[in-house]
Amino acid sequence: MKDLLKKIDYNNIPDHVAIIMDGNGRWAEKRGKLRTFGHEKAVHSIIDSLNACKKLKIPYITLYVFSSENWNRPKKEVDNLMYLFHNYFKDYLKEVHKKDFRIFVIGDICKLLESIQEELIFYMNKTKNNKSATLILAISYGAREEILQATKAIAKKIDKGKFQLQDVNENFFKSHLYTKDLPDVDLIIRTGGEKRISNFLLWQSAYAELYFTDILWPDFRKKDFLEAIINYQKRKRRFGNINSH
Ligand code: IPE
Ligand code: IPE
Ligand code: MG
């Protein structure tokens with residue numbers, strides 16, 4: 001771990017890292033267990049990643065917890081996940097608060113159990129003045145849904161005569177997204193071997209670097225997070241220009 005920390009360039013820390021935490025089900029099935037066992041084991045990897053963020057002073061981290069498409073999974077799996085969210089958020093969001101992280105939630109949370117919604121809102125309020133970093137939980141989140149609701153909100157304002165079509169530029173559009181106050185994503189990490197985005201932060205990751213690893217999420221540790229950052233720091237980001245940043 002110390003060797004990895006030595007390789008980190010503290011002048012090139014990403015502002016915003018987003019993680020697609022994939023592979024829980026396969027991790028459990030490989031051990032002859034129920035998929036839900038894999039979801040339970042996800043917590044350790046989350047805490048490790050948050051600790052790494054704190055150590056490196058990464059200001060924003062987004063975790064893809066549950067997608068808008070995950071609602072289509074068999075009822076039993078969805079129920080299990082809701083049960084886990086209900087049980088785990090109480091204890092672990094308290095831990096996150098102790099780390100001085102601000103908690104912010106993106107997604108259509110109205111679909112979640114009321115008790116889960118209340119817990120999330122409670123912690124968003126309780127942690128709103130925390131300064132170490134911002135943890136964004138993408139839960140019941142879909143990027144297409146986010147873009148659609150922004151488009152509808154803008155159309156409504158234009159319809160009411162509050163704005164003109166020519167007012168709609170990138171900044172204006174961004175100000176209608178769930179992530180309006182957050183910086184663009186610099187790095188997306190996806191565990192579990194699949195090389196896709198699965199409807200995650202489509203607008204915000206227009207120029208994100210992508211890092212894919214075969215490690216299944218429950219096996220992902222602090223050292224794996226550091227390796228992703230070291231890999232990111234070797235990239236040449238050009239943003240369409242010819243000089244790298
Ligand atoms: C990610 O793990 C967690 C959620 C999507 C909620 P999966 O449940 O997708 O696990 P795999 O990809 O089937 O192994
Ligand atoms: C993406 O994983 C969603 C989360 C990690 C919450 P999925 O397992 O749902 O993605 P697909 O179905 O493999 O694209
Ligand atoms: Mg999956």
Side-chain angles (χ1 to χ4, degrees), residues 16-50 52-53 60-89 92-93 96 103-113 116-117 119-120 135-148 177-179 182 185 187-205 208-221 224-225 228:
H16 189 170
V17 175
I19 311 185
I20 303 176
M21 310 183 289
D22 197 22
N24 298 346
R26 279 166 285 160
W27 185 91
E29 280 160 2
K30 263 173 56 177
R31 288 161 178 77
K33 307 259 189 192
L34 294 174
R35 292 173 56 85
T36 171
F37 184 63
H39 297 313
E40 283 172 38
K41 289 288 172 191
V43 174
H44 190 159
S45 309
I46 292 175
I47 305 234
D48 257 33
S49 298
L50 296 184
C53 274
Y60 296 90
I61 173 163
T62 300
L63 300 178
Y64 206 1
V65 178
F66 191 83
S67 75
S68 49
E69 287 75 25
N70 289 151
W71 287 112
N72 301 327
R73 290 189 178 192
K75 185 175 181 307
K76 197 167 164 222
E77 168 133 354
V78 172
D79 286 350
N80 273 331
L81 280 162
M82 293 304 135
Y83 177 78
L84 282 181
F85 296 157
H86 175 80
N87 276 346
Y88 280 58
F89 281 173
Y92 289 101
L93 294 183
V96 174
I103 294 166
F104 188 68
V105 179
I106 57 173
D108 184 7
I109 67 165
C110 297
K111 288 186 181 159
L112 299 166
L113 287 177
I116 300 174
Q117 291 182 42
E119 203 71 36
L120 290 171
L135 165 64
I136 302 113
L137 300 172
I139 178 160
S140 188
Y141 173 86
R144 285 182 171 177
E145 212 168 75
E146 179 185 27
I147 290 169
L148 260 182
L177 294 172
Y178 303 143
T179 55
L182 307 172
V185 175
L187 170 65
I188 291 187
I189 299 172
R190 182 173 187 142
T191 62
E194 310 293 358
K195 294 179 180 64
R196 54 178 172 253
I197 297 298
S198 301
N199 202 12
F200 190 42
L201 300 173
L202 294 179
W203 174 281
Q204 301 83 344
S205 64
E209 297 297 323
L210 307 177
Y211 180 83
F212 299 106
T213 167
D214 288 337
I215 299 170
L216 302 172
W217 179 250
D219 286 330
F220 193 79
R221 287 290 162 273
D224 303 309
F225 188 95

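For clarity, every value in this text was computed on a predicted model and none was experimentally measured. Start at 1 and go down the list; that is how both ligands and their atoms are numbered. In what follows, residues are counted from 1 in the order of the sequence shown.
- For the atom pair OG1 of T36 and CG of D79, the computed distance is 11.0 Å after rounding to the nearest 0.5 Å.
- Within ligand 1, the atoms closer than 4.0 Å to a non-hydrogen atom of G23 are 2 (O), 10 (O), 11 (P), 12 (O), 14 (O), numbered from 1 in the order shown.
- Under 4.0 angstrom from ligand 2, there are no non-hydrogen atoms of F200.
- Test L135, L182, T179 against F104 for side-chain contact (heavy atoms from CB on, under 4.5 Å) and you get one pass: L182.
- At a cut-off of 3.5 Å, with distance as the only test, a side-chain donor of N70 or S67 sits close to an acceptor on the other residue.
- The shell of residues lying under 4.0 angstrom from ligand 1, judged by heavy atoms, excludes G192.
- When K76, R35, H86, H39 are each tested for a side-chain contact (heavy atoms from CB on, under 4.5 Å) with L81, only one passes: H39.
- Close approach of ligand 1 to H39 (heavy-atom distance below 4.0 Å) involves ligand atoms 3 (C), 8 (O).
- The distance from ligand 2 to the heavy atoms of R190 drops below 4.0 Å at these ligand atoms: 2 (O), 10 (O), 11 (P), 13 (O), 14 (O).
- Between L202 and I147 the shortest heavy-atom distance is CB-CD1, 4.3 Å.
- Contact annotation: the side chain of L113 never approaches that of F85 to less than 4.5 Å [non-hydrogen atoms, C-beta and beyond].
- The shortest non-hydrogen separation linking E194 to F212 is O-CD2, 3.4 Å.
- Near S198, meaning under 4.0 Å from one of its heavy atoms, ligand 2 places the atoms 10 (O), 11 (P), 14 (O).
- Taking every heavy atom of F66 and a limit of under 4.0 angstrom, the matching atoms of ligand 2 come to 6 (C).
- Under a 4.0 angstrom heavy-atom cut-off, E194 registers as lying outside contact with ligand 1.
- Near M21, with a cut-off below 4.0 Å to any heavy atom, the atoms of ligand 2 are 5 (C).
- Protein heavy atom closest to atom 3 (C) of ligand 1, with residue, atom name and distance, is N24 ND2, 3.5 Å.
- Contact detail for S198 and R190: the closest heavy-atom pair is OG-NH1, 2.8 Å.
- In this structure, atom 9 (O) of ligand 2 lies nearest to the protein heavy atom N70 ND2, 2.9 Å.
- The Mg ion (ligand 3) has D22 OD1 as its protein N, O or S neighbours under 2.8 Å.
- When I61, V96, V65, I106 are each tested for a side-chain contact (heavy atoms from CB on, under 4.5 Å) with L137, only one passes: V65.
- Ranking protein heavy atoms by distance to atom 10 (O) of ligand 1, first place goes to G25 N, 2.9 Å.
- Ring geometry, F66 versus W71: the interplanar angle exceeds 60°, so the pair is classed perpendicular (tilted spans 30 to 60°).
- Listed for the S205 side chain is no donor-acceptor partner under 3.5 Å among the backbone atoms of V185.
- Nearest to atom 4 (C) of ligand 1 by heavy atom, out of R73, K30, R26, is R73.
- For ligand 1, the atoms sitting less than 4.0 Å from at least one non-hydrogen atom of V65 are 6 (C), numbered in the order shown with element in parentheses.
- Within the cation-pi definition used here (under 6.0 Å to the ring centroid, within 45° of the axis), R31 qualifies as a partner of W27.
- Formation of a donor-acceptor pair under 3.5 Å by the E146 side chain with backbone atoms of Y178 is found in this model.
- Heavy-atom contacts from other residues, nucleotides or ligands closer than 6.0 Å to CD1 of I47 number more than 12.
- Only the side chain of R35 comes within 4.0 Å of ligand 1, judged by heavy-atom distances.
- Taking every heavy atom of R196 and a limit of under 4.0 angstrom, the matching atoms of ligand 2 come to 11 (P), 13 (O), 14 (O).
- Each of the following atoms of ligand 1 lies closer than 4.0 Å to a heavy atom of D22: 1 (C), 2 (O), 7 (P), 9 (O), 10 (O), 11 (P), 12 (O).
- Nearest non-hydrogen protein atom to atom 6 (C) of ligand 2 is Y64 O, 3.4 Å.
- Of the possible polar contacts, one joining the N199 side chain to the R144 backbone as a donor-acceptor pair under 3.5 Å is found.
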